[in-house]
Every structure is written in structure tokens, then in C-alpha cells.
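Worth knowing before you read on, the calculation uses all heavy atoms, side chains too, and leaves out hydrogens, waters and symmetry mates.
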Amino acid sequence: QVQLVESGGEVVQTGGSLRLSCTASERTFSDYALGWFRQAPGKEREFVAGISIRGRITLYADSVQGRFTISGDNAKNTVYLQMNSLKLEDTAVYYCTAGGLGPHSDFEPNYWGQGTQVTVSS
């Protein structure tokens with residue numbers, strides 16, 4: 001059974017940095033690609049970043065390219081999202097997800113964590 005537990009969300013000022021963590025159940029890293037989505041109030045959930053099995057391929061939304069970095073630690077069954085130069089519009093609930101990379105360089109989620117709140121303040 002796939003279980004995903006996020007942590008690291010908090011209030012941060014614009015321009016600041018934050019690192020989110022997602023610890024997955026055993027074997028998740030070997031069976032699924034992992035990623036992050038986010039959902040702001042009144043908006044649809046959107047893709048943020050994804051990393052393939054064994055970490056060879058990473059994907060980013062245009063809105064975070066160059067500011068966010070996704071990485072994984074197989075030994076800890078943990079995927080990270082390093083967020084730099086945070087903007088007000090990055091405020092959202094961030095969800096960890098396990099799934100697959102689609103044929104069009106998109107991420108296809110299958111399992112979700114409970115989410116962690118990131119609030120960027122001015």
C-alpha cells in the first residue's frame with residue numbers, strides 16, 4: 001500500500017526559501033515516479049514538479065522552473081521540494097503524489113498525501 005506523508009510547510013516571507021519533504025512507504029521509490037502538486041484557494045490543483053523512478057528525469061511547471069528543485073533520497077524513501085525565491089502566488093496546499101510520467105512529459109498521479117500548507121507573506 002502506498003502511503004505518503006508530507007512535512008515542512010510553514011509561513012515564509014516573499015523571497016525566502018523552504019524545503020518540503022515527503023516520506024513514502026517502502027518500495028514506493030522503486031515502483032512509482034514521485035511528484036508535487038499544489039492547490040491554492042479557489043483554484044484547481046496544479047502540477048509543480050515530478051521526478052522519475054531512479055531520479056533520471058525531472059519535470060517542472062513553468063511557473064516554478066529555476067526556483068524549485070525536486071530530488072529524492074532512496075535510502076530514506078523521501079522526496080524533497082526545495083523552494084527558493086518564493087512569491088505570494090506560491091501560497092497553496094502542497095501535495096505529494098506517486099504515479100507515473102506520461103508520454104507527453106506530464107505527470108499522472110495515482111496516490112496522494114494529505115498535504116502541507118505553504119503560506120508566503122509580504
Side-chain angles (χ1 to χ4, degrees):
Q1 183 178 358
V2 176
Q3 292 183 327
L4 303 165
V5 180
E6 303 99 330
S7 62
E10 60 182 66
V11 179
V12 62
Q13 290 189 328
T14 54
S17 298
L18 199 60
R19 189 178 78 163
L20 304 181
S21 300
C22 172
T23 300
S25 52
E26 191 174 354
R27 290 192 58 186
T28 300
F29 266 67
S30 60
D31 292 346
Y32 299 94
L34 295 170
W36 292 90
F37 281 64
R38 67 186 181 187
Q39 187 166 19
K43 295 188 177 181
E44 293 186 354
R45 193 172 297 190
E46 63 175 3
F47 170 75
V48 175
I51 188 167
S52 65
I53 297 173
R54 291 182 289 277
R56 295 174 184 171
I57 299 171
T58 55
L59 302 175
Y60 296 95
D62 290 343
S63 59
V64 305
Q65 180 76 47
R67 299 189 298 123
F68 290 11
T69 302
I70 188 170
S71 61
D73 186 334
N74 287 8
K76 297 182 178 180
N77 288 337
T78 299
V79 63
Y80 303 100
L81 184 67
Q82 177 66 43
M83 305 185 294
N84 299 328
S85 302
L86 283 162
K87 305 176 180 180
L88 293 175
E89 52 264 41
D90 293 319
T91 295
V93 177
Y94 283 71
Y95 296 91
C96 181
T97 179
L101 298 185
H104 305 294
S105 297
D106 56 338
F107 193 97
E108 300 173 345
N110 295 113
Y111 302 94
W112 298 93
Q114 82 287 352
T116 185
Q117 176 70 48
V118 173
T119 302
V120 183
S121 64
S122 58

Q.
Tell me whether the rings of Phe68 and Tyr94 are parallel (<30°), tilted (30 to 60°) or perpendicular (>60°).
A. tilted

_I'd like to check Arg45 versus Pro109 (side-chain heavy atoms, cut-off strictly below 4.5 Å). Are they in contact?_
no

Is Leu4 close to Tyr95 at the side-chain level, that is, under 4.5 Å between some pair of heavy atoms? no

TODO: Count the heavy atoms belonging to other residues, nucleotides or ligands that lie under 6.0 Å from CD of Gln13, then report whether that count exceeds 12.
DONE: no

task = Report whether Met83 and Phe47 are members of the same hydrophobic cluster (ILVMFWY, side-chain heavy atoms less than 4.5 Å apart, transitive linking).
result = no

CG (Asp31) and CD1 (Ile53) are apart, to the nearest 0.5 Å, by 7.0 Å

Trp36 with Leu59, same ILVMFWY side-chain cluster at under 4.5 Å
no

Exercise. More than 12 heavy atoms of other residues, nucleotides or ligands under 6.0 Å from CD of Gln117: is that the case?
Worked result: yes

For Ala33 and Gly100, the nearest pair of non-hydrogen atoms, with its separation, is CB-CA, 4.0 Å

Shared hydrophobic cluster, Phe37 / Ile57 (ILVMFWY, side-chain heavy atoms < 4.5 Å):
yes

- prompt: Are side-chain heavy atoms of Glu10 and Leu18 found at a separation under 4.5 Å?
  reply: yes

**Item:** Row check, Tyr80 ring normal vs Arg19 NZ/CZ: under 6.0 Å, within 45°
**Value:** yes

Between Gln39 and Ala92, the two heavy atoms sitting closest are O-CB, 3.4 Å

Side-chain heavy atoms nearer than 4.5 Å, only ILVMFWY residues, links allowed to pass through others: does that put Leu20 and Val48 together?
yes

- prompt: Given side chains that start at C-beta, do those of Trp112 and Cys96 come closer than 4.5 Å, heavy atoms only?
  reply: no

Of all heavy-atom pairs linking Thr78 and Ser21, the shortest is CG2-CB, 4.2 Å

### Query
Are Tyr32 and Thr97 close enough that some pair of their side-chain heavy atoms sits under 4.5 Å apart?
no

(Q) Just so I know, are the side chains of Arg67 and Asp90 near enough to count as touching, which here means a heavy-atom distance under 4.5 Å? (A) yes

### Task
State whether the side chain of Tyr60 and the backbone N or O of Ile70 hold a donor-acceptor pair below 3.5 Å, judged by distance alone.
yes

Nearest heavy-atom contact between Ile51 and Gly72 is CD1-N, 4.0 Å

Do Thr23 and Asn77 have side-chain N/O donor and acceptor atoms under 3.5 Å apart? no

Check for a donor-acceptor pair, side chain of Glu6 on one end and backbone N or O of Gln114 on the other, with a separation under 3.5 Å.
yes

Value for OG1 (Thr14) from NZ (Lys87), rounded to nearest 0.5 Å, stands at 11.0 Å

* **N/O donor-acceptor pair under 3.5 Å between Ser25 side chain and Gln3 backbone** => yes

Closest non-hydrogen contact found for Ala98 with Leu34 is CB-CD2, 3.7 Å

In the single-linkage hydrophobic clustering (I, L, V, M, F, W, Y; side-chain heavy atoms under 4.5 Å), do Val118 and Val93 co-cluster? no

One should read off an interatomic distance between Ser121 OG and Leu88 CG, to the nearest 0.5 angstrom, of 8.0 Å

